Amino acid sequence: MSEPITSTPAADGFRMPGEFEPHRGCWMLWPVRSDNWREQAVPAQRAFAAVAHAIARFEPVTVGVAPAQYALARRALEPRVRVLRLESDDAWMRDVGPTGVVDRRGAVRGVDWHFNAWGGLQGGLYFPWDRDELVARRVLDVEGLARYRAPFVCEGGSIHADGEGTLLVTEECLLNPNRNPQLGRRQIETLLRAYTAATQIVWLGRGVFNDETDGHIDNLACFVAPGEIALLWCDDRRDPQYAISRDAFERLQDARDARGRRFKVHKIPMPGPLEMTAIEAAGLVPRAGTKPRRGGERLAASYVNFYLANGGVVVPLLDPRLDARVLAQLQQIFPRRRVVGVPAREILLGGGNIHCITQQIPRGRLPQRRRQSTPK
């Protein structure tokens, strides 16, 4: 594996682009763990395959698979989906994969964050996670991209960029002592600026209620365009999500982006509330070192956890009472993209959703050539 670059993206003129910018392709991992995915992960594998096929309608998709599962995954996935042997501890590519950065010349590199399974030995979701720690560099090697190794714990789902210098994060996650206990807010901001080239960091408070990632931003709010944000919204004052979403909205109303603009906020209704059923929990095989799941537990369900593909939006279908309404709302927000819904409860049962299991590789924008004037 290639040695990392010793400088930082910002110092080299690279920035974290918005997810709505062009992609080279998308990467995913194949779910296997029977302690996290019920019924030996078979229902989850069907859901992952449906997501891969939906994204492949818009851009190339690569799925990393454990060698023992390669033949099964190859049969389950369409021929246009590339399948590669790639070891990992679970299937959350957003968090263990690289975060792409681009420069003005159209070059692309990747940031390899330290990963500790969302909390390490102080609240992490499983142990060990050593294979996950190697995923980002493997992806970058396959893509032929240079790698920056960030010197702190961070997950791709805990940061969201507008591509113009603004970064969205939550205090619940990035300031949690189970990530970087030696770092304070200012030190974390300094590192985020160095590795994403952000000049304005907007801090929201808590993430989605009962989100086991300690409040990842990608489940609560995301940029749909520079200056525009989709925010999970709850109208029920009795629901714990109400206060969380209200606080996030008020912070966004008071904030400005890196270019001094006020944010336009699209309120996306919360599905449910949804819970894991006793039957679903009974389909899991308990294992030491893994967070147990039980029937009746509140699921951190969110339609904001979608994937922006080249010309498309792949959205989790979670609540039959709201699915059609949300798809129509997102189609209005993204009039130039095709909005596609994919049944995603099986992904939600594992602790995340479509954005969490995907990671885009940016394409980078080539500089436009100056038009030569025609001599008279």
Side-chain angles (χ1 to χ4, degrees), residues 25-97 125-126 219 271-272 274-285 287 290 293 295 297 299-303 305-307 309 312-320 322-324 326-327 338-359:
C26 173
W27 278 75
M28 299 175 62
L29 291 165
W30 191 246
V32 175
R33 298 180 69 118
S34 59
D35 55 349
N36 193 56
W37 308 103
R38 70 188 187 105
E39 308 300 340
Q40 300 298 318
V42 172
Q45 290 171 355
R46 287 196 292 263
F48 275 56
V51 171
H53 297 159
I55 296 173
R57 294 161 62 178
F58 304 101
E59 65 190 45
V61 176
T62 301
V63 179
V65 181
Q69 288 271 318
Y70 180 86
L72 185 153
R74 183 63 281 173
R75 289 193 300 270
L77 293 162
E78 296 175 353
R80 62 179 168 177
V81 175
R82 180 171 63 166
V83 180
L84 296 180
R85 292 173 176 82
L86 176 58
E87 294 277 9
S88 63
D89 294 297
D90 205 353
W92 306 105
M93 182 58 90
R94 178 67 50 178
D95 294 339
V96 303
L125 301 184
Y126 53 73
N219 215 29
L274 305 179
E275 297 179 346
M276 176 176 281
T277 68
I279 292 176
E280 289 167 338
L284 297 168
V285 180
R287 174 174 146 185
T290 302
R293 303 192 185 282
E297 287 185 350
L299 299 169
S302 171
Y303 289 112
N305 208 301
F306 54 72
Y307 180 82
V313 187
V314 181
V315 184
L317 299 179
L318 298 166
D319 186 340
L322 290 174
D323 288 344
V326 170
L327 291 178
R338 184 173 180 180
V339 176
V340 177
V342 178
R345 181 175 176 88
E346 293 297 336
I347 307 172
L348 176 62
L349 292 174
N353 226 291
I354 290 176
H355 191 262
C356 305
I357 66 172
T358 54
Q359 179 60 280

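Predicted model, so just to flag it, every value in this text is computed and none were measured.
Formation of a donor-acceptor pair under 3.5 Å by the S88 side chain with backbone atoms of A91 is not found in this model. Listed for the R94 side chain is a donor-acceptor partner under 3.5 Å among the backbone atoms of H355. Checking side-chain atoms of S34 against main-chain N and O of V285 turns up no donor-acceptor pair under 3.5 Å. Using modelled atom types, one side-chain atom of R74 and one backbone atom of L77 make a donor-acceptor pair closer than 3.5 Å. Side-chain atoms of N305 come within 3.5 Å of backbone N or O of C356 as a donor-acceptor pair. Distance alone, capped at 3.5 Å, is enough to place a donor-acceptor pair between the Q45 side chain and the P31 backbone. Panel note: side chain Q69, backbone A66; no donor-acceptor pair is recorded below 3.5 Å.
Here W30 pairs with nothing under the ring pair (Phe, Tyr, Trp, His ring centres under 6.0 Å) rule; sequence neighbours left out. Listed by chain and residue number, nothing satisfies the side chain to side chain contact (heavy atoms under 4.5 Å, CB included) test with E275 (two or more places apart in sequence, or in another chain). For R80, the side chain to side chain contact (heavy atoms under 4.5 Å, CB included) criterion is met by A56, R57, E78, not counting sequence neighbours. Considering only residues two or more places apart in sequence or on other chains, F48 meets the ring pair (Phe, Tyr, Trp, His ring centres under 6.0 Å) condition with W37. With sequence neighbours left out, R85 forms a side-chain hydrogen bond (donor to acceptor under 3.5 Å, both in side chains) with no residue at all.
A heavy-atom distance below 4.5 Å is not found between the side chains of V326 and D319. Annotation: side chain of V96 is in contact with side chain of L29 (closest heavy-atom distance under 4.5 Å).
Counting only residues at least two apart or in different chains, ring pair (Phe, Tyr, Trp, His ring centres under 6.0 Å) contacts with residues 53-86 are absent.
In this structure, L284 CG and L349 CG are separated by 8.0 Å, a value rounded to the nearest 0.5 Å. Between atom CG of residue L299 and atom OG1 of residue T277 there is a gap of 9.0 Å, rounded to the nearest 0.5 Å. Here CD of E346 is found 8.5 Å from CD of E39. Values are rounded to the nearest 0.5 Å. In this structure, R345 CZ and M276 CE are separated by 8.0 Å, a value rounded to the nearest 0.5 Å. If you take CD on Q359 and OH on Y307, they are separated by 8.0 Å, rounding to the nearest 0.5 Å.
What you find for F306 and V314 is that their closest heavy atoms are CB-O, 3.3 Å. Here the closest heavy-atom approach between residue L86 and residue G64 is recorded as CB-CA, 3.8 Å. Contact detail for G272 and L274: the closest heavy-atom pair is CA-CD2, 3.5 Å. Residues T358 and I354 come closest through the heavy atom pair OG1-O, 2.9 Å. Across all non-hydrogen atoms, the minimal contact from A73 to V65 is CB-CG2, 3.7 Å. What you find for I357 and M93 is that their closest heavy atoms are O-CB, 3.8 Å.
Side-chain contact check for N353 and Y303: no donor-acceptor pair (N or O, by modelled atom type) lies under 3.5 Å. A donor atom on one side chain and an acceptor atom on the other are found under 3.5 Å apart for R293 and N36.
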